[in-house]
Amino acid sequence: NAGVTQTPKFQVLKTGQSMTLQCAQDMNHNSMYWYRQDPGMGLRLIYYSASEGTTDKGEVPNGYNVSRLNKREFSLRLESAAPSQTSVYFCASSPGQGHNYGYTFGSGTRLTVV
Amino acid sequence: AQSVSQHNHHVILSEAASLELGCNYSYGGTVNLFWYVQYPGQHLQLLLKYFSGDPLVKGIKGFEAEFIKSKFSFNLRKPSVQWSDTAEYFCAFSYSSASKIIFGSGTRLSIRP
């Protein structure tokens with residue numbers, strides 16, 4: 001059982017470049033989330049998708065876009081990367097709204113923007 | 001805004017010492033509470049959760065947490081820590097009208113062998 005799979009695990013970008021972080025889950029979960037983790041700031045929600053076909057902004061959506069491609073996949077796109085987006089990005093999923101279930105996390109993507 | 005406070009950023013203990021990590025949330029209604037653990041280089045894993053019932057919750061690896069509603073607290077405890085407990089611990093909560101879980105900033109736990 002793979003759970004939540006994120007690719008890539010590591011990435012270095014130059015300022016202004018774009019990239020897409022991929023996330024897929026095989027647990028038939030309805031809800032999916034993108035968080036960023038920065039030292040001393042915990043996890044901050046970027047975007048989430050409560051169900052297939054819907055997406056909503058979290059606390060820190062600026063500079064990001066998302067696509068809920070289907071029930072399994074939820075991608076995060078950086079259109080023009082900035083050094084402030086250097087972070088570790090985690091994708092998570094839950095059977096329904098997270099408050100009733102808790103999340104299953106992926107292993108993370110460590111992104112460095114130079 | 002709803003938030004979670006974790007009182008200690010970094011805790012250093014010796015093996016076999018007892019552990020208590022503080023957590024307070026800010027929300028006046030019914031909550032669901034979580035503790036997650038992140039071992040070095042790994043993703044977050046659920047340690048334990050409280051939804052209702054007995055306010056003393058037991059999780060994996062000998063951890064437990066107590067929900068004290070009057071204090072808005074959900075402190076994590078372990079009677080005797082091991083070197084392998086070195087990790088970062090995140091307290092989190094949610095509530096019925098929220099579409100997400102709100103995380104604290106984390107407490108890094110270092111265990112001296």
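All figures in this text were calculated on a predicted structure; none of them were measured in a lab. First the proteins, then the strands, lettered A, B, ... as listed; each starts at 1.
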If one checks every heavy atom of A:Leu43 against chain B at 4.5 Å, the contacting part turns out to be both
- Item | CZ (B:Arg108) with more than 12 external heavy atoms under 6.0 Å | no
- Item | Linked, directly or transitively: B:Phe90 and A:Phe90 (ILVMFWY side chains, under 4.5 Å) | yes
Next item on the list: Decide if atom NE2 of B:His9 counts as having more than 12 heavy atoms of other residues, nucleotides or ligands within a radius under 6.0 Å.
Entry: no
Turns out that what part of B:Tyr36 lies under 4.5 Å from chain A's heavy atoms comes down to side chain
Can you confirm whether A:Thr104 sits close enough to B:Leu46 that some side-chain heavy atom of one is under 4.5 Å from a side-chain heavy atom of the other?
no
Exercise for the section: Decide whether B:Val4 and B:Phe67 are clustered together by the hydrophobic rule: side chain heavy atoms of Ile, Leu, Val, Met, Phe, Trp, Tyr closer than 4.5 Å, transitively. Expected result: yes
**Asked** Mind checking whether A:Tyr89 and B:Leu44 sit in one hydrophobic cluster, side chains of I, L, V, M, F, W, Y counted as touching below 4.5 Å?
**Response** no
Check: So do the side chains of A:Tyr35 and B:Phe103 get within less than 4.5 Å of each other, counting heavy atoms only?
Finding: yes
Which of B:Gln42, B:His43, B:Gln38 passes side-chain contact (heavy atoms from CB on, under 4.5 Å) with A:Phe105? Answer is B:His43
| message | Atom CZ of residue position A:Arg72 - does it have more than 12 heavy atoms of other residues, nucleotides or ligands inside 6.0 Å? | response | yes
- Query: Would you find a donor on one side and an acceptor on the other, under 3.5 Å apart, between the side chain of A:Tyr103 and the backbone of B:Ile101?
  - Reply: yes
Report task. Decide whether B:Leu56 and B:Tyr89 are clustered together by the hydrophobic rule: side chain heavy atoms of Ile, Leu, Val, Met, Phe, Trp, Tyr closer than 4.5 Å, transitively. Result -> no
Under 4.5 Å to a heavy atom of chain B? For A:Gln37 that would be side chain
Taken to the nearest 0.5 Å, the spacing of A:Glu59 CD from B:Ile102 CD1 works out to 8.0 Å
Okay, B:Gln45 and chain A: the region with an atom under 4.5 Å from a heavy atom over there is neither
